[in-house]
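Keep in mind that the numbers below use all heavy atoms, side chains included, and drop hydrogens, waters and symmetry copies. Below, read A as the first sequence line, B as the second, and so on, with proteins coming before strands; counting in each chain starts at 1.
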Amino acid sequence: MPEGPSIILMKENLQKLVGKKVIEAHGNAKIDHPILKGKILKEIRTFGKQTYLVFDDIAVRIHLLMFGSYSVDEQTKPDRQLRLALIFKGSGMYFYTCSVKLVDSEFLAAIDWEADVMSDEWNPKKAEKKLKSKPEMMVCDALMNQDIFSGVGNIIKNEVLFRIEVQPESLLGNMPAKKIKELIAEARNYSFDFLKWKREFTLKKHWLAHTKSVCPKCGEKLIKKQTGLGKRRSFYCEKDQKLY
DNA sequence: ATGCTTGTTGTACC
DNA sequence: AGGTACAACAAGCA
């Protein structure tokens, strides 16, 4: 489920419940469920991998983490613990295996919305500034950093680095300004390709590097390695992706 | 079937 | 104070 573009799809699927009143809230999330009862769902906002169900004075923050899932108007009961259910008149939303928190409006106001690669407010100049201030950071960690590229996950990371022909362990400070600009442009660009392909259920088919064993460009064997401080798996071609 | 993973948070320990 | 490092969480897949 959980990289930024998938969260956009989740928002779309939940959208039909906006404007409706919560009749009942339950589930094993450690929140004060009754507080949501009777409130109108004003809007749904997303920030990277996070989803905010916004009510008058409070918002529910949902983060699907690695294995989270959701459903709208579920027909059959899934075989796992229900984390949160919000029941509306004739409809409902259900969340599983995710992090659920109540936050206030100040919390929303403090978010740097310009860091979200999927957002209209995405600010590439700001991203550039953040990257320039961290010359010692590996590019694989930078892409996964949610303060810089909110919404980018491991799949997007691997595909972006393959596209711009940069080895994951490259240091930001060693990369020419032009490459940094490519990195920023492609992080957004690929995220929208991801969204399009996910919508068509053809995402996996379009992977060039992620989980692949052979380089589609040169036919050499791809390297699979845990990289960066995050120790997340990277797939890359030693021949086609340059180490800066 | 055991190990791995599209992710983050908390806590212990320097 | 700051960072680092790992455990914990959990479901679906190969």
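- We find that CG of A:Asn145 is positioned 13 Å from P of B:dG7, with the value rounded to whole Å.
- Taking atom P on both nucleotides, C:dC6 is separated from B:dC4 by 16 Å, rounded to a whole Å.
- For the pair A:Phe235 CZ and B:dT6 C1', the interatomic distance rounds to 12 Å; values are reported in whole Å.
- Whole-Å rounding puts the A:Lys198 NZ to B:dT6 C1' distance at 8 Å.
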Considering only nitrogen or oxygen atoms on both sides, find all protein atoms under 3.5 Å from nucleotides 9-13 of chain B and state each distance.
| unit_1 | atom_1 | unit_2 | atom_2 | d |
| --- | --- | --- | --- | --- |
| B:dT9 | OP1 | A:Arg61 | NH2 | 3.2 |

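- Computed from coordinates, the A:Phe149 CZ to B:dG7 P distance equals 15 Å when rounded to whole Å.
- At least one side-chain heavy atom of A:Arg199 sits less than 4.5 Å from a side-chain heavy atom of A:Leu9.
- In this structure, A:Lys49 reaches the B:dT8 phosphate: one of its side-chain N or O atoms is under 4.0 Å from OP1 or OP2.
- You'll find the side chain of A:Leu183 reaches within 4.5 Å of the side chain of A:Leu131, heavy atoms only.
- Here A:Asp112 pairs with A:Lys130 in a salt bridge; the nearest charged N to carboxylate O distance falls below 4.0 Å.
- Comparing A:Lys204 and A:Gln81 against DNA chain C, the residue whose closest nucleotide sits nearer the 5' end is A:Gln81.
- In secondary-structure terms, DNA chain B builds stems of at least 3 consecutive Watson-Crick or G-U pairs, each pair having both distances under 3.5 Å, at B:2-5 with C:11-14, B:7-14 with C:2-9.
- In this structure the side chain of A:Arg188 reaches within 4.5 angstrom of the side chain of A:Trp122, judged on heavy atoms.
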Exercise for the section: Could you give me the CA-CA distance, side-chain angles and deciding distance for A:Val152 and A:Val117, then say whether side chain to side chain contact (heavy atoms under 4.5 Å, CB included) is met? Expected result: CA-CA 7 Å; A:Val152 169; A:Val117 294; 4.2 Å; yes
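- In the set B:dT5, B:dG7, C:dA10, the nucleotide with an atom closest to the side chain of A:Arg232 is B:dG7.
- At least one side-chain heavy atom of A:Val72 sits less than 4.5 Å from a side-chain heavy atom of A:Leu14.
- Across the protein-nucleic acid pair, A:Ile62 atom CD1 and C:dA10 atom P stand 16 Å apart, rounded to whole Å.
- Remark: A:Gln146 is in phosphate contact with B:dT8, judged by side-chain N or O atoms under 4.0 Å from OP1 or OP2.
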Write down the protein N/O and nucleotide N/O pairs, taken from nucleotides 1-5 of chain C, whose separation is under 3.5 Å; answer none if there are no such pairs.
none

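- Side-chain contact between A:Tyr190 and A:Phe162 is absent, with no heavy atoms from C-beta onward closer than 4.5 Å.
- In this structure, the OH atom of A:Tyr96 is 25 Å from the P atom of B:dT6, given to the nearest Å.
- With C:dA10, B:dT8, B:dT6 as the candidates, the nucleotide lying closest to the side chain of A:Arg83 is C:dA10.
- Note: CG (A:Leu161) to P (B:dT6) measures 14 Å, nearest angstrom.
- For A:Thr97, the listed nucleotide lying nearest its side chain is C:dA10; candidates were B:dG7, B:dT5, C:dA10.
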Per-pair distances, 0.1 Å, donor-acceptor, side chain in residues 102-111 of chain A, under 3.5 Å, sequence neighbours excluded:
| unit_1 | atom_1 | unit_2 | atom_2 | d |
| --- | --- | --- | --- | --- |
| A:Asp104 | OD1 | A:Glu106 | N | 3.3 |
| A:Asp104 | OD1 | A:Phe107 | N | 3.1 |

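- The side chain to side chain donor-acceptor pair (under 3.5 Å) test applied to A:Glu128 returns A:Lys132, A:Lys181, not counting sequence neighbours.
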Exercise for the section: Report the C-alpha distance between A:Asn158 and A:Tyr236 in whole Å, list the side-chain angles of each, state the deciding distance to 0.1 Å, and finish with yes or no for side chain to side chain contact (heavy atoms under 4.5 Å, CB included). Expected result: CA-CA 7 Å; A:Asn158 282 321; A:Tyr236 60 94; over 6 Å; no
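- Distance check on atom P: B:dG3 versus C:dA7 gives 15 Å, rounded to whole Å.
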With a 3.5 Å cut-off and sequence neighbours excluded, list the donor-acceptor pairs that the side chains of residues 52-66 of chain A form with protein atoms.
| unit_1 | atom_1 | unit_2 | atom_2 | d |
| --- | --- | --- | --- | --- |
| A:Tyr52 | OH | A:Gln50 | OE1 | 2.5 |
| A:Asp56 | OD1 | A:Lys42 | NZ | 3.4 |
| A:His63 | ND1 | A:Leu65 | N | 2.9 |

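- Taking atom CE on A:Met144 and atom C1' on B:dT5, their separation rounds to 11 Å, with Å as the unit.
- Between A:Thr51 and A:Met10 there is a side-chain heavy-atom pair separated by less than 4.5 Å.
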